[in-house]
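Worksheet for the structure shown next.
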Amino acid sequence: MCGIFAYAGKKDCTDVIIKGLKSLEYRGYDSWGVALKTGTGITLEKNVGKVSQVESLESVNARVGIGHTRWATHGNVSVLNSHPHTDSSKRVYVVHNGIIENIAELKKYIPGDLFYSETDTEIIPKLIAHFMAEMDFPEAVKTVAALLKGNFAFVSIDRDSDYLIAARNGSPIVAAKSGGEFFISSDLQSLIAYTKKAFFINDGEMVIYQLDKQSLVFYDFIEKREVHKTAQSYDLQSGDIEKGNYKHFMLKEIFEQPVRLENTYLNYVDDFDIAFSEMLKPTIVQKINRIVIIACGTSWHAGLVSEYWLESLVNIPVEVEYASEFRYRNPVLTENTLIIAISQSGETADTIAGIKESRKFGIPILSICNVSGSTITRLSDATVFTKAGPEIGVASTKAFTTQLEVLFLLALYLAQQRGKLRHKDIINYLKNLKDIPEKIERVLSKTDQISTIMESHYAVTNALFLGRGVNYPIALEGALKLKEISYIHAEGYPAAEMKHGPIALIDRNMPTFFICIRDQSYEKVLSNIQEVKARDGIVIAVANDNDERITTLADHVIFIPETIVELSPFLTVIPLQMLAYYIADKRGCDIDKPRNLAKSVTVE
Ligand code: AGP
């Protein structure tokens, strides 16, 4: 995905746009560019590399401008392929986030036109300029937007007028107007400094702003009619998007987990009453006989953990699907199926597509999301929001644990509504859940121990993560955290599966991370640890406080407080997040913006 930021107003917009792009850099950081409309034309500046390395640009006294920070999809990382893109007469400039799928069809409108880049985006300004031979700039943009197929959000400016026009279909953009200034951005966070109200643009819609008249029009380019919108308030604070005293956003977000879990708990639980009836009506709850969870990456791991909770507490069959597979599999969904879509960003293209596939069956869709106003929340029948606050680090941490909390509360709510749990059982579970933040604090205090382990193993090239039961998904999550920020190859497996292949990998250079808590499989995991040690392997174990047996077997042990087994994932994941962070930091990796990754994958 990419970041788009645009401005029209009374100020010189050069620094405003650069600042906006810097706050969007988590969305992509291969290259960046700006197109600034001055009194004599449009100034274009594009570069490979991170916009955060730009101190400031020379002011050109521009009052209208567009900017882009890129995550390469079509075309490699180069200045030529970076945005903004323009037509051959250099009249129309465009920045774009998404993928245009009908390039060949569109090129028929401009036969013989030479393309200077490898991108799909370049077709947009060329087509707009083409149609401007017979219509004005806004009408040409409407025409082109209706012709595009695929996921897109683009913003366009014209050398000969003072319009700023954006259109979206599948990729996010928001607009905001404040005191004679107008902003368009890929996310809300970049607008906090300017306004606390924004216009949410839906798929198939455009926003047309003209600076001199300060006229603002919203237009549906599919239905070909104007639409009315009012600005919505949003509750982000500027402190949410600053690192403060932390070296990286990821470290800040790891340490924020206790307070974010408390906020999420307090948002939904009052005096042991779980307030989910608004999002999931009791009438629907009684009818459900199957749950299908769709998600990607870390959110998929949260879904896997919840499968254990939902099946054991609610006694409903649950399937957890990679959204990218689900959407093409022609799934068989019956009328009493509940779809749960889990997404931190609410913009993951595969999860969006999974929801759209599910909508064909007319069944209830509940999303669990961290970003209000995001696409997934607007495609779902209801959303339970995690109260993690903006998650800037590409590697998801606080969003994951707050997803777990919401999913556990959902399991308790469903169990209570369907008479599977008595109120006193609910109270007991909630009391244990309420204790989790303080227990996480105790794990977070073990940074010295984590650093010692890091010093011994930061240079490895491979690692294995093993867990059982409700901690098997945590083994997967630990592997994902390590690989995505330190670039060490890491795999997660059910511990019992080790004998069916991975044990062949064990040697003195391969650390194996075991989750070995006192649950029903404790003895079995101890045996697995012995099997690794018998082959000269290195064992790092996450175990319960005061477990003496594990210290006789493992090379390193990170102890975590006891809790009920169901809630152990909240605690076992913390040392794995911290280990991934400190190993990646020691390796000098770009932790908040790992190579090739983006915070939200808005392309398929
Ligand atoms: C997690 O650390 C990764 N950044 C990635 O797997 C992420 O969880 C995945 O892309 C899903 O994103 P979403 O939750 O915003 O849908």
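Both counts, for ligands and for their atoms, begin at 1 and track the order of listing.
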### Task
Any pair with a residue in residues 374-386 that passes salt bridge (charged side-chain N to carboxylate O under 4.0 Å, His left out), sequence neighbours left out, goes on the list, sorted by first then second residue, please.
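Of all non-adjacent pairs touching residues 374-386, those that pass salt bridge (charged side-chain N to carboxylate O under 4.0 Å, His left out) are R359-D381.
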### Qualifying salt bridge (charged side-chain N to carboxylate O under 4.0 Å, His left out) pairs, either residue in residues 461-477, two or more places apart
E477-K481
### Task
Assess K586 against Y458: is NZ or CZ under 6.0 Å from the centre of the six-membered ring, and within 45 degrees of the ring's axis?
yes
### Message
For Y487, does the six-membered ring have the charged nitrogen or CZ of R595 within the cation-pi criterion, i.e. under 6.0 angstrom from the centroid and within 45° of the normal?
### Response
yes
### Smallest separation among heavy atoms of A176 and A198, with atom names
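Distance-wise, the nearest heavy atoms are CB-CA, 4.4 Å.
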## Note on the structure
Lining ligand 1 at under 4.0 Å, by non-hydrogen atom distance, are residues C296, G297, T298, S299, S343, Q344, S345, T348, V394, A395, S396, L480, K481, E484
### V460: partners by side chain to side chain contact (heavy atoms under 4.5 Å, CB included), with sequence neighbours left out
H457, I488, P511
